[in-house]
Participant: 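I have a structure I would like to understand better, so I am pasting it below and will then ask my questions one at a time.
Both ligands and their constituent atoms are indexed starting at 1 by order of listing.
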Amino acid sequence: MRKNTLKQLLKANKTALNAWAAIPSSFSAEIIANCGFDAVTIDLQHGMIDFAQALTMLQAVSTTNAIPLARPSGSEAVQIMRLLDAGAYGVICPQVDTPEIAKMVVSACRYPPVGTRSFGPPRGLLYGGADYFQHANDEILVFIMIESKQAVENLDEILSVPGIDGVFIGPNDLSISYGGGIGNDPQGEAGEAIETIRKKAADRGIATGIYCGDGDMCAMRIKQGFQMVNPASDAVLLKNACVSQVQKASGETLKKDTAGY
Ligand code: 3PY
Ligand code: MG
């Protein structure tokens, strides 16, 4: 089976740059996959992407060395299994607030006897290789998103669930669950929770990632010790690039977009 080079990077305690695809297009996925990122995440939760579009985007990403990941729209087993069958080499599952949800997510990603994943991966076999079944349990990455006060309160139990490869923080949801506003760099209680989550996960040898607003924020989070970061989404990057060109052409001063996603 083709090796999961992202998993190798994270296991070696190295950092990984992830691109975030919210635009439902195989062409835009192909473009970002050719930009030097280590991985591309197809976002079915907040991206404008359905399963059929995700399939073509995973195909586009797999023409490159970037590892194809998907964020399912929820943490239900059925969708996780379908995305893995479509060739995602890992999932970043949203709103994993309890150890029960974490167990369900891990189980959906692992074939028996470890988990309950059903067999039938058409693109897993094409992209991964004919021996996909023999190695998928070792190669597929399981990221759970910690993005609520409830998840932070349950953190020790959640992180104790065997088989979690990484935690990924959603700073916007985390912030609003603490009563704050949207934004990728919350301060106060949510800001402190970000460091608690990172440290507790790292202490257990679990990889750490966090959604970032741009490349500067990625660099800041890497300095804080995070391993997997992404500079916003393709939609935000496209919008910012267009606004910046319009402002340059019309001589206006640059205004930075502060939207969270
Ligand atoms: C969050 O910030 O909550 C996210 O999930 C980023 O998409
Ligand atoms: Mg979120």
Participant: Quick one: CG on N18 to CD on Q227, what's the gap to the nearest 0.5 Å?
Facilitator: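 Going from CG on N18 over to CD on Q227, the span is 13.0 Å.
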Participant: Main chain of G209, side chain of R198: is a donor-acceptor contact present, judged purely on distance under 3.5 Å?
Facilitator: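 Side chain of R198 to backbone of G209, a donor-acceptor pair under 3.5 Å: no, none is there.
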Participant: Quick one: report the N, O or S atom of D173 that is nearest to the Mg ion (ligand 2).
Facilitator: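 The atom in question is OD2.
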Participant: Under 3.5 Å, side chain of D131 to main-chain N/O of M1, donor-acceptor pair present?
Facilitator: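 A pair under 3.5 Å: yes.
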Participant: Got an N/O contact under 3.5 Å between W20 and ligand 1?
Facilitator: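 Looking only at distances, the answer is no, because the N/O contact criterion of under 3.5 Å is not met.
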Participant: If you compare all heavy atoms of A66 against all heavy atoms of V61, which two are closest, and at what distance to 0.1 Å?
Facilitator: O-CG1, 3.6 Å
Participant: Flag R71 as yes when one of its N or O atoms lies below 3.5 Å from any N or O atom of ligand 1, and as no otherwise.
Facilitator: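 N/O-N/O distance under 3.5 Å: yes.
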Participant: When you measure from the Mg ion (ligand 2) to each N, O or S atom of E147, which atom gives the shortest distance?
Facilitator: OE1
Participant: Taking NZ, NE, NH1 and NH2 as the nitrogens, is one of them in R117 or D85 under 4.0 Å from a carboxylate oxygen of the other?
Facilitator: yes
Participant: Output the list of atoms in ligand 1 that are nearer than 4.0 Å to some heavy atom of Y211, sorted by atom number.
Facilitator: 6 (C), 7 (O)
Participant: Give the atoms of ligand 1, by number and element, whose distance to some non-hydrogen atom of G170 is under 4.0 Å.
Facilitator: 1 (C), 2 (O), 3 (O), 4 (C), 5 (O)
Participant: If only atom types and distance count, is the side chain of S107 paired as donor or acceptor with the main-chain N or O of K103 below 3.5 Å?
Facilitator: no
Participant: Give the atoms of ligand 1, by number and element, whose distance to some non-hydrogen atom of E147 is under 4.0 Å.
Facilitator: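 In order of number, 1 (C), 3 (O), 4 (C), 5 (O).
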Participant: So, Q79 and S73: side-chain donor and acceptor under 3.5 Å apart, yes or no?
Facilitator: yes
Participant: Pairs of nitrogen or oxygen atoms closer than 3.5 Å, one from D173 and one from ligand 1: do any exist?
Facilitator: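 Yes, since at least one N or O of D173 sits under 3.5 Å from an N or O of ligand 1.
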Participant: Considering distance alone, does some N or O of N184 sit under 3.5 Å from an N or O of ligand 1?
Facilitator: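 Looking only at distances, the answer is no, because the N/O contact criterion of under 3.5 Å is not met.
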Participant: Tell me which one of D216, D185, N184, T208 satisfies side-chain contact (heavy atoms from CB on, under 4.5 Å) with R221.
Facilitator: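 Of all the options given, the one that passes is D185.
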Participant: Looking only at N/O atoms, are P171 and ligand 1 under 3.5 Å apart anywhere?
Facilitator: yes
Participant: Heavy atom under 4.0 Å from ligand 1: found in M145's side chain, backbone, both, or neither?
Facilitator: side chain
